[in-house]
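Take a look at the structure below.
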Protein chains: 2
Amino acid sequence: MMGRVVKANERKTSRRAVYEVLRRQVLTMELPPGAALSENELAATLGVSRTPVRESLILLAEEGLVQVFPQVGSFVSRVDPVKVADAQFLREAVELAALDDLPAALDPAVVADLRSNVERQRRPGIDLEEFFALDEEFHHGLLRLSGHANAWATVVAAKGHLDRARRLGLYEADSPGTFVHQHADILDAVTRGDAEQARTAMRAHLRAVFDDVERIRARSPELFSSNSTTAPTRRSIAIWE
Amino acid sequence: MMGRVVKANERKTSRRAVYEVLRRQVLTMELPPGAALSENELAATLGVSRTPVRESLILLAEEGLVQVFPQVGSFVSRVDPVKVADAQFLREAVELAALDDLPAALDPAVVADLRSNVERQRRPGIDLEEFFALDEEFHHGLLRLSGHANAWATVVAAKGHLDRARRLGLYEADSPGTFVHQHADILDAVTRGDAEQARTAMRAHLRAVFDDVERIRARSPELFSSNSTTAPTRRSIAIWE
DNA sequence: CGACAAGTACTTGTATACCAGTACTGCTCG
DNA sequence: CGAGCAGTACTGGTATACAAGTACTTGTCG
């Protein structure tokens with residue numbers, strides 16, 4: 001048989017655009033936990049048909065950010081403390097393992113990016129969304145240093161619930177100053193080659209982020225899932241509108 | 001506003017069935033790397049419409065098991081050594097972190113399951129598919145011991161490429177005896193409470209699995225992606241039929 | 001015989017139509 | 001007035017129709 005060569009360039013699909021919009025709106029709480037997501041309504045709002053909307057909701061459901069109940073409706077998931085803890089564990093495992101795997105000679109370009117990143121985090125009156133973007137970039141950069149940048153995508157896909165909880169915490173804080181200091185500490189230890197201190201600083205940082213969740217949960221319980229036990233026998237949820 | 005209570009039971013959807021069938025066929029190499037997956041053809045074969053087939057392919061593409069090229073076609077991904085290494089790193093990070101987090105008192109029911117599992121792995125002439133199922137259950141059980149069973153789902157979603165490489169390795173081996181021994185070693189160390197030895201044994205086990213990949217790659221290079229460098233400037237692939 | 005170009009048969013992406021099923025509304029009847 | 005039940009307007013799941021685009025085929029011309 002002859003070899004058949006297939007060429008394809010990446011094209012703009014409306015599904016990708018819809019997915020990114022919806023995901024951002026869920027993570028930023030613009031679409032709050034519990035909100036109803038009607039496929040028809042979203043399609044009309046976004047100016048597309050149900051198909052790309054539906055496919056986006058399926059992907060978001062796979063990430064745990066949306067719950068789809070056949071013949072009933074689709075809803076933004078409440079923040080599930082169990083999933084927050086799961087994401088915390090996964091993230092800590094990956095980021096600490098990466099620190100264990102740092103090469104002797106760090107990529108100077110990446111190190112420069114990280115330094116610049118921390119500097120920008122220090123800007124007074126920084127916007128929260130901007131800080132989050134820098135924070136993501138910082139942690140991603142640390143993984144790049146160890147050559148495991150690709151693992152970040154898996155962490156990102158799993159930590160949606162954690163991100164929403166973090167956002168809740170930061171919205172109530174005056175400034176993300178504490179976290180900026182922790183970032184600087186981690187980077188300092190890494191560049192000094194002090195792996196043990198880097199691990200300690202990273203663990204303290206991630207745990208500090210995690211500890212915020214319980215505080216927020218006490219203040220805004222309606223945003224959290226009430227599935228206290230492992231698995232409910234009946235798949236039932238209550239929506240307050 | 002009044003509280004609105006929504007009840008919904010989980011229903012059978014053909015999409016879930018199609019997804020599971022396709023995923024199994026990809027992981028077992030029944031659909032080999034590089035195979036063309038026509039949505040129309042699959043729909044006709046499975047007796048459903050394009051919609052559930054298409055939605056399943058989107059999910060598989062998200063896992064990296066399938067590549068979709070708009071207006072060109074969908075294909076089973078070749079085993080990407082980079083993704084195999086990524087999955088290996090992720091898995092090792094998670095499973096070792098779980099061993100660090102074992103409680104003082106292990107759940108005796110889970111321990112009994114693990115012992116029974118290893119015994120069944122020892123059965124002579126064991127079928128390969130059965131061994132894989134037991135292997136999955138074994139590692140999942142170890143995560144359960146540390147209370148991080150949910151992290152297994154994330155690992156599973158990320159390790160599709162690794163699993164296919166492993167399967168290739170075992171298909172050529174006479175028996176999975178070496179791995180069974182390693183499983184037994186890990187379980188022994190865990191039940192003895194020797195966390196350090198458990199970590200060592202686990203690391204050796206996972207690395208042994210990983211080392212098989214290069215051997216297989218040398219023997220069956222056509223099943224592997226040839227993206228030697230980081231990112232190709234053109235999204236082009238070659239299919240041999 | 002070979003190169004080039006129009007045609008054709010596919011591909012996936014999107015839009016729409018229909019179906020099964022759920023939850024709320026409001027009428028009816030006790 | 002209240003409880004119960006039928007009606008109705010929604011939901012998401014699936015099937016189908018159409019559109020945009022790619023790669024191979026084949027006819028034509030030099």
Side-chain angles (χ1 to χ4, degrees), chain A residues 1-20 22 34-62 66-77 234-241, chain B residues 1-20 22 34-62 66-77 234-241:
Chain A
M1 317 243 179
M2 291 301 294
R4 185 174 121 231
V5 177
V6 180
K7 297 178 186 175
N9 298 325
E10 50 187 70
R11 296 180 52 249
K12 50 181 177 184
T13 66
S14 69
R15 172 168 68 80
R16 204 72 199 177
V18 169
Y19 169 75
E20 288 170 2
L22 290 180
L37 299 174
S38 163
E39 293 181 359
N40 282 313
E41 193 178 332
L42 288 174
T45 302
L46 298 173
V48 295
S49 78
R50 270 185 62 199
T51 305
V53 171
R54 173 180 172 73
E55 291 172 352
S56 298
L57 288 182
I58 290 174
L59 289 177
L60 292 171
E62 206 66 14
V66 164
Q67 286 179 292
V68 178
F69 297 91
Q71 271 58 287
V72 176
S74 301
F75 308 91
V76 178
S77 301
R234 297 186 318 161
R235 294 288 295 270
S236 72
I237 61 173
I239 309 290
W240 295 269
E241 293 178 343
Chain B
M1 315 242 179
M2 288 304 294
R4 185 175 122 230
V5 177
V6 180
K7 297 179 186 177
N9 297 325
E10 51 188 70
R11 295 180 52 250
K12 51 182 176 184
T13 67
S14 69
R15 173 169 67 83
R16 203 72 200 176
V18 169
Y19 168 76
E20 287 171 2
L22 289 180
L37 299 174
S38 164
E39 294 180 358
N40 281 314
E41 192 178 331
L42 289 174
T45 302
L46 298 173
V48 296
S49 79
R50 267 185 65 201
T51 305
V53 171
R54 173 178 173 75
E55 291 171 352
S56 298
L57 288 183
I58 290 174
L59 289 176
L60 291 171
E62 206 67 14
V66 164
Q67 285 179 293
V68 178
F69 297 91
Q71 271 59 288
V72 177
S74 302
F75 308 90
V76 178
S77 301
R234 297 184 318 160
R235 292 289 296 270
S236 70
I237 61 172
I239 308 292
W240 294 269
E241 293 179 339

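Just so we're on the same page: letters track the sequence lines, and every chain starts at 1. Please read all numbers here as calculations on a predicted model, not as lab measurements.
An OP1 or OP2 oxygen of dT14(C) is reached within less than 4.0 angstrom by no side-chain nitrogen or oxygen of Ser49(A). The phosphate of dA15(D) has neither OP1 nor OP2 within less than 4.0 Å of any side-chain N or O from Thr51(B).
Atom-to-atom, CD of Glu55(A) to P of dG13(D) comes out at 12 Å; the value is rounded to the nearest Å. The distance between atom CZ of Arg16(B) and atom P of dG13(D), rounded to the nearest whole Å, is 12 Å.
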Return the polar atom pairs (N/O with N/O) between nucleotides 10-12 of chain C and the protein under 3.5 Å, or none.
from, atom 1, to, atom 2, distance (Å)
dT11(C), OP1, Ser38(B), OG, 2.8
dT12(C), OP1, Leu37(B), O, 3.0
dT12(C), OP1, Ser74(B), N, 3.3
dT12(C), OP1, Ser74(B), OG, 3.3
dT12(C), OP2, Glu39(B), N, 3.2
dT12(C), O4', Gln71(B), N, 3.3
dT12(C), O2, Gln71(B), OE1, 2.5

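When all heavy atoms of Leu60(B) and Tyr19(B) are compared, the closest pair comes out as CD2-CE1, 3.7 Å. Taking each heavy atom of Val53(A) and Val18(A) in turn, the nearest pair found is CA-CG1, 4.1 Å. The two residues Ala43(A) and Arg50(A) make their nearest non-hydrogen contact at CB-N, 3.9 Å. Of all heavy-atom pairs spanning Leu22(A) and Ser56(A), the tightest one is CD1-CB, 4.2 Å.
For the side-chain contact (heavy atoms from CB on, under 4.5 Å) with Val48(B), the lone residue among Leu46(B), Thr45(B), Thr51(B) that qualifies is Leu46(B).
Side-chain contact between Ile58(B) and Val68(B) is absent, with no heavy atoms from C-beta onward closer than 4.5 Å.
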